[in-house]
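Only one structure is covered here, and it is reproduced in the block below.
Naming convention: chains lettered A, B, ... in sequence-line order (proteins, then strands); numbering from 1 in each chain. Just so it is clear, the structure is predicted and the values come from calculations on it, not from any experiment. Both backbone and side-chain heavy atoms feed into the values below; hydrogens, waters and symmetry mates do not.
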2 protein chains.
Amino acid sequence: MINYTNILREHNLKATPQRLAIADELYKKGHISIESLYELMVNKFSSISLATIYKNINLMLENSFIQEIKIPYSKSVYELTQAPHSHLACEKCFAVEDITIDLNSIIDIITKESSFKITSTNLVLSGICENCQLG
Amino acid sequence: MINYTNILREHNLKATPQRLAIADELYKKGHISIESLYELMVNKFSSISLATIYKNINLMLENSFIQEIKIPYSKSVYELTQAPHSHLACEKCFAVEDITIDLNSIIDIITKESSFKITSTNLVLSGICENCQLG
DNA sequence: TTATTAAAGGATAAATATTATTTTTTATAT
DNA sequence: ATATAAAAAATAATATTTATCCTTTAATAA
(Lines give C-alpha, C1' and ligand atoms only; values in the text may rest on other atoms or scores of the structure.)
Protein backbone atom coordinates (compact mmCIF):
# COMPACT_ATOMS: atom_id res chain seq x y z
CA MET A 1 0.00 0.00 0.00
CA ILE A 2 1.57 3.18 -1.26
CA ASN A 3 1.58 6.30 0.90
CA TYR A 4 0.47 9.25 -1.18
CA THR A 5 1.10 11.91 1.45
CA ASN A 6 4.20 13.33 -0.16
CA ILE A 7 2.98 12.91 -3.72
CA LEU A 8 -0.13 14.89 -2.86
CA ARG A 9 1.98 17.60 -1.27
CA GLU A 10 4.20 17.76 -4.31
CA HIS A 11 1.07 18.61 -6.23
CA ASN A 12 0.18 21.35 -3.74
CA LEU A 13 -2.60 19.29 -2.24
CA LYS A 14 -2.97 18.82 1.50
CA ALA A 15 -2.83 15.18 2.47
CA THR A 16 -6.24 14.73 4.04
CA PRO A 17 -7.58 11.27 4.86
CA GLN A 18 -10.22 11.68 2.16
CA ARG A 19 -7.63 12.49 -0.47
CA LEU A 20 -5.37 9.67 0.59
CA ALA A 21 -8.33 7.33 0.26
CA ILE A 22 -9.16 8.67 -3.20
CA ALA A 23 -5.56 8.20 -4.28
CA ASP A 24 -5.56 4.70 -2.87
CA GLU A 25 -8.73 3.73 -4.72
CA LEU A 26 -7.43 5.17 -7.96
CA TYR A 27 -4.25 3.19 -7.50
CA LYS A 28 -6.07 -0.02 -6.72
CA LYS A 29 -8.81 0.24 -9.35
CA GLY A 30 -6.80 2.01 -12.01
CA HIS A 31 -9.79 3.86 -13.46
CA ILE A 32 -12.89 5.02 -11.62
CA SER A 33 -15.94 7.10 -12.48
CA ILE A 34 -17.22 9.82 -10.17
CA GLU A 35 -20.19 7.80 -9.01
CA SER A 36 -18.14 4.65 -8.37
CA LEU A 37 -15.62 6.67 -6.44
CA TYR A 38 -18.35 8.20 -4.32
CA GLU A 39 -19.74 4.76 -3.49
CA LEU A 40 -16.31 3.51 -2.53
CA MET A 41 -15.62 6.55 -0.40
CA VAL A 42 -18.93 6.37 1.47
CA ASN A 43 -17.79 2.99 2.75
CA LYS A 44 -14.75 4.58 4.32
CA PHE A 45 -16.22 7.94 5.35
CA SER A 46 -19.90 7.48 5.99
CA SER A 47 -20.52 11.22 6.16
CA ILE A 48 -18.50 12.22 3.12
CA SER A 49 -20.20 14.68 0.83
CA LEU A 50 -20.51 14.24 -2.90
CA ALA A 51 -19.32 17.82 -3.17
CA THR A 52 -16.08 16.74 -1.52
CA ILE A 53 -15.58 14.21 -4.29
CA TYR A 54 -16.16 16.80 -6.98
CA LYS A 55 -13.99 19.42 -5.32
CA ASN A 56 -11.14 16.99 -4.91
CA ILE A 57 -11.42 15.56 -8.38
CA ASN A 58 -11.36 19.06 -9.84
CA LEU A 59 -8.46 20.19 -7.68
CA MET A 60 -6.53 17.02 -8.47
CA LEU A 61 -7.14 17.60 -12.17
CA GLU A 62 -6.01 21.22 -11.95
CA ASN A 63 -2.85 20.15 -10.17
CA SER A 64 -2.23 17.27 -12.56
CA PHE A 65 -2.36 14.69 -9.81
CA ILE A 66 -4.96 12.82 -11.86
CA GLN A 67 -6.21 12.74 -15.44
CA GLU A 68 -9.68 12.47 -16.90
CA ILE A 69 -10.31 9.95 -19.65
CA LYS A 70 -13.37 10.62 -21.76
CA ILE A 71 -14.84 7.40 -23.07
CA PRO A 72 -17.17 7.25 -26.09
CA TYR A 73 -20.75 6.30 -25.16
CA SER A 74 -19.81 6.11 -21.50
CA LYS A 75 -18.93 8.19 -18.50
CA SER A 76 -15.53 9.67 -17.84
CA VAL A 77 -13.10 7.79 -15.65
CA TYR A 78 -10.15 9.16 -13.72
CA GLU A 79 -6.66 7.80 -13.16
CA LEU A 80 -3.50 8.78 -11.34
CA THR A 81 -1.21 10.75 -13.61
CA GLN A 82 1.41 8.54 -15.21
CA ALA A 83 3.51 8.64 -18.32
CA PRO A 84 1.34 9.41 -21.37
CA HIS A 85 -0.45 6.35 -22.66
CA SER A 86 -3.60 5.26 -24.46
CA HIS A 87 -6.66 3.31 -23.38
CA LEU A 88 -8.68 0.26 -24.31
CA ALA A 89 -12.36 0.63 -23.44
CA CYS A 90 -14.59 -2.42 -23.37
CA GLU A 91 -18.02 -1.68 -24.83
CA LYS A 92 -19.58 -4.55 -22.92
CA CYS A 93 -18.29 -4.33 -19.34
CA PHE A 94 -16.99 -0.75 -19.60
CA ALA A 95 -13.63 -1.71 -18.14
CA VAL A 96 -10.75 0.54 -19.12
CA GLU A 97 -7.20 -0.71 -19.60
CA ASP A 98 -3.98 1.20 -20.08
CA ILE A 99 -1.92 0.53 -23.15
CA THR A 100 1.32 2.10 -24.27
CA ILE A 101 1.38 2.93 -27.94
CA ASP A 102 4.08 4.87 -29.72
CA LEU A 103 2.31 7.68 -31.54
CA ASN A 104 5.43 9.63 -32.43
CA SER A 105 5.40 8.64 -36.07
CA ILE A 106 1.83 9.86 -36.36
CA ILE A 107 2.66 13.12 -34.65
CA ASP A 108 5.62 13.60 -36.94
CA ILE A 109 3.54 13.08 -40.04
CA ILE A 110 0.87 15.54 -38.95
CA THR A 111 3.46 18.09 -37.88
CA LYS A 112 5.00 17.93 -41.35
CA GLU A 113 1.73 17.92 -43.25
CA SER A 114 -0.16 20.55 -41.31
CA SER A 115 0.50 23.67 -39.26
CA PHE A 116 -1.16 22.33 -36.15
CA LYS A 117 1.18 22.18 -33.15
CA ILE A 118 0.33 19.03 -31.19
CA THR A 119 0.90 19.14 -27.45
CA SER A 120 -0.92 16.01 -26.29
CA THR A 121 -2.67 12.94 -27.62
CA ASN A 122 -5.79 11.15 -26.51
CA LEU A 123 -6.43 7.77 -28.00
CA VAL A 124 -9.22 5.49 -26.86
CA LEU A 125 -9.65 2.19 -28.63
CA SER A 126 -13.09 0.72 -28.11
CA GLY A 127 -14.01 -2.90 -28.47
CA ILE A 128 -14.41 -6.10 -26.49
CA CYS A 129 -11.98 -7.08 -23.76
CA GLU A 130 -10.59 -10.57 -23.34
CA ASN A 131 -12.96 -11.45 -20.52
CA CYS A 132 -16.08 -10.39 -22.39
CA GLN A 133 -15.06 -12.36 -25.47
CA LEU A 134 -15.22 -15.55 -23.43
CA GLY A 135 -18.60 -15.01 -21.76
CA MET B 1 -26.81 23.77 -49.96
CA ILE B 2 -27.31 20.06 -49.51
CA ASN B 3 -30.77 18.65 -49.00
CA TYR B 4 -30.71 16.21 -46.12
CA THR B 5 -34.29 15.01 -46.49
CA ASN B 6 -33.43 11.64 -47.93
CA ILE B 7 -30.34 11.13 -45.83
CA LEU B 8 -32.41 11.70 -42.69
CA ARG B 9 -35.01 9.23 -43.93
CA GLU B 10 -32.35 6.66 -44.64
CA HIS B 11 -31.48 6.92 -40.97
CA ASN B 12 -35.12 6.41 -39.98
CA LEU B 13 -35.52 10.05 -39.03
CA LYS B 14 -38.43 12.14 -40.23
CA ALA B 15 -37.27 15.12 -42.20
CA THR B 16 -38.65 17.95 -40.11
CA PRO B 17 -37.60 21.56 -40.70
CA GLN B 18 -35.80 21.55 -37.36
CA ARG B 19 -33.80 18.47 -38.27
CA LEU B 20 -32.97 19.78 -41.71
CA ALA B 21 -31.69 22.95 -40.06
CA ILE B 22 -29.60 20.97 -37.57
CA ALA B 23 -28.10 18.94 -40.41
CA ASP B 24 -27.41 22.11 -42.35
CA GLU B 25 -25.63 23.77 -39.44
CA LEU B 26 -23.56 20.65 -38.77
CA TYR B 27 -22.60 20.60 -42.41
CA LYS B 28 -21.67 24.26 -42.49
CA LYS B 29 -19.86 24.43 -39.15
CA GLY B 30 -18.41 20.94 -39.16
CA HIS B 31 -18.46 20.58 -35.38
CA ILE B 32 -20.91 22.14 -32.95
CA SER B 33 -21.58 21.92 -29.23
CA ILE B 34 -25.09 21.56 -27.85
CA GLU B 35 -25.24 25.12 -26.61
CA SER B 36 -23.90 26.60 -29.85
CA LEU B 37 -26.37 24.56 -31.83
CA TYR B 38 -29.21 25.79 -29.66
CA GLU B 39 -28.18 29.40 -30.19
CA LEU B 40 -28.01 28.89 -33.94
CA MET B 41 -31.36 27.17 -34.02
CA VAL B 42 -33.13 29.85 -32.00
CA ASN B 43 -32.26 32.26 -34.80
CA LYS B 44 -34.17 30.11 -37.25
CA PHE B 45 -36.96 28.85 -35.00
CA SER B 46 -37.57 31.44 -32.33
CA SER B 47 -39.79 29.10 -30.31
CA ILE B 48 -37.62 26.01 -30.53
CA SER B 49 -37.21 24.17 -27.27
CA LEU B 50 -33.88 23.09 -25.85
CA ALA B 51 -35.49 19.71 -25.30
CA THR B 52 -35.98 19.44 -29.05
CA ILE B 53 -32.24 19.91 -29.51
CA TYR B 54 -31.44 17.21 -26.99
CA LYS B 55 -34.05 14.81 -28.31
CA ASN B 56 -32.83 15.22 -31.86
CA ILE B 57 -29.15 14.97 -30.99
CA ASN B 58 -29.83 11.76 -29.08
CA LEU B 59 -31.97 10.28 -31.82
CA MET B 60 -29.44 11.24 -34.46
CA LEU B 61 -26.71 9.61 -32.41
CA GLU B 62 -28.75 6.44 -31.93
CA ASN B 63 -29.37 6.26 -35.66
CA SER B 64 -25.75 7.05 -36.52
CA PHE B 65 -26.68 10.16 -38.45
CA ILE B 66 -24.20 12.08 -36.31
CA GLN B 67 -21.26 11.31 -34.02
CA GLU B 68 -20.21 12.77 -30.70
CA ILE B 69 -16.61 13.81 -30.25
CA LYS B 70 -15.46 14.08 -26.66
CA ILE B 71 -12.77 16.71 -26.29
CA PRO B 72 -10.34 16.81 -23.34
CA TYR B 73 -10.92 19.80 -21.06
CA SER B 74 -13.81 20.95 -23.21
CA LYS B 75 -17.39 20.19 -24.16
CA SER B 76 -18.44 17.57 -26.62
CA VAL B 77 -19.04 18.55 -30.20
CA TYR B 78 -21.14 16.77 -32.81
CA GLU B 79 -20.55 16.13 -36.48
CA LEU B 80 -22.33 14.48 -39.37
CA THR B 81 -21.27 10.86 -39.69
CA GLN B 82 -18.50 10.42 -42.22
CA ALA B 83 -15.78 7.91 -42.87
CA PRO B 84 -13.83 7.22 -39.66
CA HIS B 85 -11.28 9.92 -38.95
CA SER B 86 -9.45 11.65 -36.13
CA HIS B 87 -9.58 15.18 -34.75
CA LEU B 88 -7.34 18.11 -33.98
CA ALA B 89 -8.59 20.19 -31.05
CA CYS B 90 -7.22 23.65 -30.45
CA GLU B 91 -6.69 24.35 -26.75
CA LYS B 92 -6.90 28.08 -27.30
CA CYS B 93 -9.90 28.71 -29.55
CA PHE B 94 -11.51 25.27 -29.09
CA ALA B 95 -11.91 24.79 -32.81
CA VAL B 96 -12.03 21.18 -33.96
CA GLU B 97 -10.65 20.00 -37.28
CA ASP B 98 -10.98 16.67 -39.03
CA ILE B 99 -7.87 14.78 -39.96
CA THR B 100 -7.48 11.42 -41.63
CA ILE B 101 -4.83 9.26 -40.06
CA ASP B 102 -4.15 5.66 -40.89
CA LEU B 103 -4.28 3.78 -37.59
CA ASN B 104 -4.31 0.30 -39.09
CA SER B 105 -0.72 -0.46 -38.19
CA ILE B 106 -1.44 0.44 -34.58
CA ILE B 107 -4.57 -1.68 -34.52
CA ASP B 108 -2.63 -4.59 -36.02
CA ILE B 109 0.07 -4.38 -33.38
CA ILE B 110 -2.40 -4.32 -30.51
CA THR B 111 -4.44 -7.12 -32.01
CA LYS B 112 -1.30 -9.25 -32.14
CA GLU B 113 0.03 -8.29 -28.73
CA SER B 114 -3.20 -8.39 -26.74
CA SER B 115 -6.52 -10.20 -26.72
CA PHE B 116 -8.56 -7.03 -26.99
CA LYS B 117 -10.80 -6.95 -30.08
CA ILE B 118 -10.83 -3.39 -31.36
CA THR B 119 -13.99 -2.21 -33.11
CA SER B 120 -13.43 1.54 -33.29
CA THR B 121 -10.82 4.18 -32.61
CA ASN B 122 -11.08 7.64 -31.14
CA LEU B 123 -8.07 9.86 -31.47
CA VAL B 124 -8.06 13.50 -30.47
CA LEU B 125 -4.83 15.43 -30.84
CA SER B 126 -4.79 18.57 -28.75
CA GLY B 127 -2.62 21.59 -29.34
CA ILE B 128 -2.60 24.96 -31.04
CA CYS B 129 -4.15 25.52 -34.43
CA GLU B 130 -2.51 27.50 -37.18
CA ASN B 131 -4.60 30.59 -36.55
CA CYS B 132 -3.89 30.72 -32.83
CA GLN B 133 -0.16 30.35 -33.42
CA LEU B 134 -0.17 33.63 -35.30
CA GLY B 135 -2.17 35.73 -32.83
C1' DT C 1 -55.92 15.87 -52.05
C1' DT C 2 -57.47 14.55 -47.96
C1' DA C 3 -57.65 11.62 -43.95
C1' DT C 4 -55.14 8.88 -40.74
C1' DT C 5 -51.64 8.04 -37.61
C1' DA C 6 -47.36 7.67 -35.53
C1' DA C 7 -43.96 10.63 -34.51
C1' DA C 8 -42.04 15.25 -33.49
C1' DG C 9 -42.21 19.85 -31.45
C1' DG C 10 -43.14 23.12 -27.65
C1' DA C 11 -43.70 24.12 -22.93
C1' DT C 12 -42.52 22.87 -18.77
C1' DA C 13 -41.66 19.73 -14.95
C1' DA C 14 -38.58 16.49 -13.16
C1' DA C 15 -34.38 14.28 -12.56
C1' DT C 16 -29.22 14.35 -12.73
C1' DA C 17 -25.05 16.33 -12.44
C1' DT C 18 -22.07 19.88 -10.94
C1' DT C 19 -20.73 23.99 -8.46
C1' DA C 20 -21.16 27.51 -4.79
C1' DT C 21 -21.81 28.97 0.02
C1' DT C 22 -21.42 28.82 4.92
C1' DT C 23 -19.86 26.86 9.05
C1' DT C 24 -17.04 23.52 11.34
C1' DT C 25 -12.99 20.84 11.38
C1' DT C 26 -8.20 19.84 10.41
C1' DA C 27 -3.42 19.67 8.17
C1' DT C 28 0.58 22.17 8.28
C1' DA C 29 4.03 25.56 9.48
C1' DT C 30 5.66 28.08 13.25
C1' DA D 1 0.93 23.81 21.37
C1' DT D 2 -0.93 27.51 18.41
C1' DA D 3 -2.27 30.02 14.47
C1' DT D 4 -3.95 29.92 10.01
C1' DA D 5 -5.18 28.73 5.61
C1' DA D 6 -7.38 25.18 3.53
C1' DA D 7 -10.58 21.25 3.46
C1' DA D 8 -14.79 18.83 4.82
C1' DA D 9 -19.64 18.66 5.70
C1' DA D 10 -24.09 20.19 4.90
C1' DT D 11 -26.78 22.19 2.22
C1' DA D 12 -28.30 25.54 -1.42
C1' DA D 13 -27.95 26.94 -5.94
C1' DT D 14 -26.91 26.13 -11.00
C1' DA D 15 -26.43 23.70 -14.86
C1' DT D 16 -27.38 19.96 -17.70
C1' DT D 17 -30.22 16.39 -19.41
C1' DT D 18 -34.40 13.75 -19.61
C1' DA D 19 -39.40 12.96 -19.08
C1' DT D 20 -44.26 14.29 -19.54
C1' DC D 21 -48.24 16.08 -21.65
C1' DC D 22 -50.53 18.28 -25.08
C1' DT D 23 -50.45 20.24 -29.80
C1' DT D 24 -48.78 20.09 -34.37
C1' DT D 25 -47.03 17.88 -38.42
C1' DA D 26 -44.61 14.57 -41.73
C1' DA D 27 -45.44 10.41 -43.98
C1' DT D 28 -48.49 7.06 -45.90
C1' DA D 29 -52.28 5.45 -48.27
C1' DA D 30 -56.93 5.73 -49.81
So how far is it from A:Tyr38 OH to A:Ile48 CD1, rounded to the nearest 0.5 Å? 8.0 Å
Tell me whether B:Thr111 contacts the main-chain N or O of B:Ile107 through its side chain, where contact means a donor paired with an acceptor under 3.5 Å. yes
Below 4.5 Å, heavy atoms only, C-beta onward: do A:Pro72 and A:Val124 meet side chain to side chain? yes
Closest nucleotide of DNA chain C for A:Tyr54 versus for B:Leu59: which of these residues is on the 5' side? B:Leu59
Expressed as a whole number of angstroms, how long is the span from A:Leu20:CG to C:dT26:P? 15 Å
Is there a side-chain polar atom (N or O) of A:Thr16 under 4.0 Å from OP1 or OP2 of C:dT26? no
Could you pull out every donor-acceptor pair under 3.5 Å between side chains of residues 23-30 of chain B and any protein atom, sequence neighbours left out?
unit_1	atom_1	unit_2	atom_2	d
B:Glu25	OE2	B:Lys44	NZ	3.1

Please report, to 0.1 Å, the donor-acceptor pairs under 3.5 Å made by any side chain of residues 4-14 of chain A, with sequence neighbours excluded.
unit_1	atom_1	unit_2	atom_2	d
A:Thr5	OG1	A:Asn3	OD1	2.5
A:His11	ND1	A:Ile7	O	2.8

Grab the CG-P distance between B:Leu13 and C:dA8 for me, whole Å please. 7 Å
What pairs of nitrogen or oxygen atoms, one from the protein and one from nucleotides 3-7 of chain C, lie under 3.5 Å apart?
unit_1	atom_1	unit_2	atom_2	d
C:dA7	O4'	B:Lys14	NZ	3.3

Side-chain N or O of A:Gln18 less than 4.0 angstrom from OP1 or OP2 on C:dT26? no
Atom CE of A:Met60 and atom C1' of C:dT18: how far apart are they, to the nearest Å? 18 Å
Just to verify, what does A:Ser33 make a side chain to side chain donor-acceptor pair (under 3.5 Å) with, not counting sequence neighbours? A:Ser36
Atom-pair distance (CZ on B:Phe45; P on C:dA8), nearest Å: 15 Å
Main-chain N/O of A:Phe65 paired with A:Thr81 side-chain donor or acceptor, under 3.5 Å: yes
Applying side chain to side chain donor-acceptor pair (under 3.5 Å), name anything that partners A:Ser114, two or more places apart in sequence or on another chain. none
Less than 4.0 angstrom between a side-chain N/O of B:Asn56 and OP1 or OP2 of C:dG9, yes or no? yes
Rounded distance (nearest 0.5 Å) linking atom CD1 of A:Ile101 with atom CG of A:Leu125: 5.0 Å
Report each atom pair, protein N/O against N/O of nucleotides 20-22 of chain C, whose distance is under 3.5 angstrom.
none

Does the side chain of B:Tyr78 reach to within under 4.5 Å of the side chain of B:Ile69, using non-hydrogen atoms? no
Provide, to the nearest angstrom, the distance between the CD1 atom belonging to B:Ile53 and the C1' atom belonging to C:dA8. 13 Å
Note: for B:Pro17 and B:Leu50 on DNA chain D, the residue whose nearest nucleotide lies more 5' is B:Leu50
Verdict with reasoning, A:Val42 to A:Glu39, per side chain to side chain contact (heavy atoms under 4.5 Å, CB included): CA-CA 5 Å; A:Val42 167; A:Glu39 287 168 23; 5.9 Å; no
Its 5'-most and 3'-most nucleotides having an atom under 4.0 Å from a non-hydrogen atom of chain B, DNA chain D is contacted over D:dT16 to D:dA27
Bend angle of the helix from C:dT1-D:dA30 to C:dT30-D:dA1, end axes from five pairs each (to 10°): 50°
Would you kindly give the CG-to-P distance between A:Asn6 and C:dA27, to the nearest whole Å? 15 Å
Within the 4.5 Å heavy-atom criterion, are A:Glu79 and A:Ile32 side-chain neighbours or not? no
Is B:Glu68 reaching over with its side chain to a backbone N or O of B:Leu61, donor-acceptor style, under 3.5 angstrom? no
In residues 24-38 of chain A, what residues come within less than 4.0 Å of DNA chain C, judged by heavy atoms? none
Would you please name every residue forming a ring-ring contact (aromatic ring centres under 6.0 Å, His included) with A:His31, sequence neighbours left out? A:His87
Contacts satisfying salt bridge (charged side-chain N to carboxylate O under 4.0 Å, His left out) that involve residues 87-100 of chain B (not counting sequence neighbours) are none
Under the salt bridge (Lys or Arg N to Asp or Glu O under 4.0 Å) test, which residues partner A:Glu35, sequence neighbours left out? A:Lys75
